Amino acid sequence: MSQTKPVYASFRSIGAYVPEKILSNADLEKMVDTTDEWIVKRTGIKERRIAAEDEHTSDMGTKAAELAIRRSEIAKEEIDLVICATVTPDYFNMPSTACIISNKLGISNVQAFDISAACSGFVYLLSVAKAFIESGMKKNVLVIGAEKFSSIVDYTDRSTCILFGDGAGAAIISATDKKEEGFIDLHASADGAYADFLVTPAPGAIYPVSQKVIDEGLNFVQMKGNETFKLAVKTLTKDVKEILQKNNINSEDIPHFIPHQANYRIIKAVGDALKMREDQVVLTVGKYGNTSAASIPMALNDIYESGRLQTGELMLLDTFGGGLTWASALLPFAGKAINK
Ligand code: ACO
């Protein structure tokens with residue numbers, strides 16, 4: 001009887017795209033009743049990037065994907081699944097942003113679809129890629145997190161407009177027979193009981209486009225900030241403790257902790273609870289704000305491009321977002337590092 005060799009999913013490359021336009025706290029001071037001091041103290045955010053009017057989620061996703069494909073050293077023809085996480089798709093109903101990105105990349109005849117898990121979207125997709133690869137169904141998965149969050153932000157609402165930014169990140173996840181290159185563990189979960197913490201009511205089947213939607217601004221993101229903050233700290237900390245404990249790894253042995261970049265105070269509270277040193281915690285929230293599903297791959301790309309991320313080094317991803325959803329992943333970087 002022939003025995004099939006086990007296959008593992010490995011994180012082979014990373015890429016990101018950041019729009020050119022910067023929206024600084026000084027710019028926001030001119031738009032709403034806020035101050036640079038309040039924003040920095042409460043969130044750690046100094047500036048965020050805003051896509052051009054004719055620059056869409058798929059454009060940013062495509063640019064990030066091109067970089068990830070080039071760095072993976074595989075041909076685009078070898079990609080057999082394209083998945084995109086976004087809550088700001090080019091079109092809310094159809095076609096999916098993954099289909100549009102595939103076409104822009106010149107990848108045809110492959111399965112392509114989107115998922116909606118807000119800020120947890122990228123790590124959710126890693127679980128999808130892992131399952132497809134380890135079941136033997138796919139070999140090279142292009143995973144994208146892309147958001148034009150500015151398209152659903154009300155720039156007269158000071159409690160939300162200071163937080164979010166635009167951008168995209170992408171990765172190639174490939175099959176390998178080398179266990180040491182494979183994902184170690186991944187956990188993703190959700191609790192719809194907190195669905196009202198983060199909502200964009202329209203457009204959707206409940207609120208199709210109407211005068212009411214426009215008059216009441218139902219097309220903008222609404223957030224229970226304080227409640228979300230408290231739950232984020234609790235859930236992120238618990239999630240990391242569990243994944244480390246389960247895999248017998250101490251927090252001080254993680255070179256790269258990449259939490260969702262929503263608010264510096266959340267990241268600091270989680271890092272402190274886990275007894276992480278400052279050099280272990282990746283921070284990009286100050287310059288990009290919260291880019292939802294793009295936040296983790298953009299942060300990963302940052303440490304990759306600065307030469308901080310080396311081949312074989314452990315990455316711990318931890319995220320939290322609307323749904324509510326949350327996810328964590330423990331995996332080595334299996335790509336070629338940039339040596340600086
Ligand atoms: N400038 C000045 N004052 C402000 C601003 C602002 N931009 N925004 C709110 N305030 C005021 C409020 O009106 C309030 O005033 P009041 O006391 O007179 O009523 C005061 O500041 C305190 O407001 P809080 O909402 O309690 O402030 P908090 O310290 O909680 O900070 C924040 C707000 C930054 C939004 C925080 O709650 C937060 O980061 N929440 C978590 C967001 C998050 O993590 N989201 C993750 C998921 S995102 C996703 O999935 C897409």
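Computed from a predicted structure; not experimentally measured. We use all heavy atoms of the structure for the numbers below, so side chains are in, but hydrogens, waters and symmetry mates are not. One-based numbering, in listed order, for ligands and for the atoms of each.
Under a 4.0 Å N-O distance rule, the pair K246/E242 does not qualify as a salt bridge. For K268 and D272, the salt-bridge test passes: some basic side-chain N is under 4.0 Å from an acidic carboxylate O. Using a 4.0 Å cut-off between charged side-chain N and carboxylate O, K148 and D166 make no salt bridge. Between R71 and E305 there is a salt bridge, since a side-chain N of the basic residue sits under 4.0 Å from a carboxylate O of the acidic one. Residues K336 and E73 are paired through a salt bridge, judged by an N-O separation under 4.0 Å between the basic side chain and the carboxylate.
Protein non-hydrogen atoms do reach within 4.0 Å of atom 38 (C) of ligand 1. The nearest protein heavy atom to atom 41 (C) of ligand 1 is closer than 4.0 Å. Taking a distance limit of 4.0 Å, we find that atom 19 (O) of ligand 1 is approached by no protein heavy atom. Protein heavy atoms are found less than 4.0 angstrom from atom 26 (O) of ligand 1. Atom 2 (C) of ligand 1 is flagged as protein-proximal [any protein heavy atom, distance under 4.0 Å].
Remark: of the listed residues S120, S116, S189, S120 is the sole one forming a side chain to side chain donor-acceptor pair (under 3.5 Å) with T325.
Side chains of E181 and T176: a donor on one and an acceptor on the other come within 3.5 Å.
Between K104 and D59, the closest side-chain pair of non-hydrogen atoms falls below 4.5 Å.
Numbered from 1 in the order shown, with element, the atoms of ligand 1 that lie under 4.0 Å from a heavy atom of T228 read 43 (C), 45 (N). The ligand atoms of ligand 1 that sit less than 4.0 angstrom from a heavy atom of M223 are 35 (C), 42 (C), 45 (N). Close approach of ligand 1 to A118 (heavy-atom distance below 4.0 Å) involves ligand atoms 50 (O). Atoms of ligand 1 found under 4.0 Å from any heavy atom of I162 (numbered from 1 in listed order, with element): 7 (N).
Checked by distance only, ligand 1 and N263 come closer than 3.5 Å through their nitrogen or oxygen atoms. For ligand 1, the polar-atom distance check finds an N/O of G322 within less than 3.5 Å of one of the ligand's N/O atoms. In terms of polar-atom proximity, defined here as any N/O pair under 3.5 Å, T35 makes no such contact with ligand 1. Not a single N or O atom of S292, backbone or side chain, sits closer than 3.5 Å to an N or O atom of ligand 1. In terms of polar-atom proximity, defined here as any N/O pair under 3.5 Å, R42 does make such a contact with ligand 1. Between G225 and ligand 1, a contact under 3.5 Å exists for at least one N or O pair.
Side-chain N or O atoms of Q111 include none that pairs as donor or acceptor with a backbone N or O of L81 at under 3.5 Å. Side chain of N140 to backbone of E78: a donor-acceptor contact under 3.5 angstrom is found.
Counting heavy atoms closer than 4.0 Å to ligand 1, residue V32 contributes nothing at all. With a 4.0 Å cut-off on non-hydrogen atoms, N290 touches ligand 1 through its side chain and not its backbone. Within the 4.0 Å heavy-atom criterion, the part of A262 lying near ligand 1 is the side chain and not the backbone. At a 4.0 Å heavy-atom cut-off, ligand 1 touches I266 through the side chain alone. Contacts between T43 and ligand 1, counted as non-hydrogen atom pairs separated by less than 4.0 Å, involve the side chain only.
For the pair S159 and ligand 1, a heavy-atom separation below 4.0 Å is found.
Atom 51 (C) of ligand 1 has its nearest heavy-atom neighbour, among G323, G321, C119, in C119. For atom 4 (C) of ligand 1, the nearest non-hydrogen atom from the set Y264, F164, W38 comes from W38. For atom 12 (C) of ligand 1, the candidate residues are R158, E227, H260; the nearest heavy-atom contact is made by R158. The option from N226, D33, T34 that lies nearest to atom 24 (P) of ligand 1, judged by heavy atoms, is N226.
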### Task
Report the C-alpha distance between Q222 and L198 in whole Å, list the side-chain angles of each, state the deciding distance to 0.1 Å, and finish with yes or no for side chain to side chain contact (heavy atoms under 4.5 Å, CB included).
CA-CA 6 Å; Q222 300 171 359; L198 266 151; over 6 Å; no

### Task
Please test M298 against I258 for side chain to side chain contact (heavy atoms under 4.5 Å, CB included), starting from the C-alpha separation and ending with a verdict.
CA-CA 10 Å; M298 283 170 77; I258 302 112; over 6 Å; no

### Query
Run the side chain to side chain contact (heavy atoms under 4.5 Å, CB included) check on L125 and V143 step by step: do they pass?
CA-CA 7 Å; L125 282 188; V143 170; 3.6 Å; yes

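Between F122 and F11, the ring planes are perpendicular. Angles over 60° get that label, and only those under 30° would be called parallel.
At the shortest separation from atom 47 (C) of ligand 1 among protein heavy atoms lies L198 CD1, 3.5 Å. In this structure, the protein non-hydrogen atom closest to atom 31 (O) of ligand 1 is R265 NH2, 3.7 Å.
Residues passing the ring-ring contact (aromatic ring centres under 6.0 Å, His included) test with Y8, sequence neighbours excluded: none.
If you chain together ILVMFWY residues whose side-chain heavy atoms come under 4.5 Å of each other, I107 ends up grouped with I69, I74, I79, V82, I101, L105, V110, L142, I144, I172.
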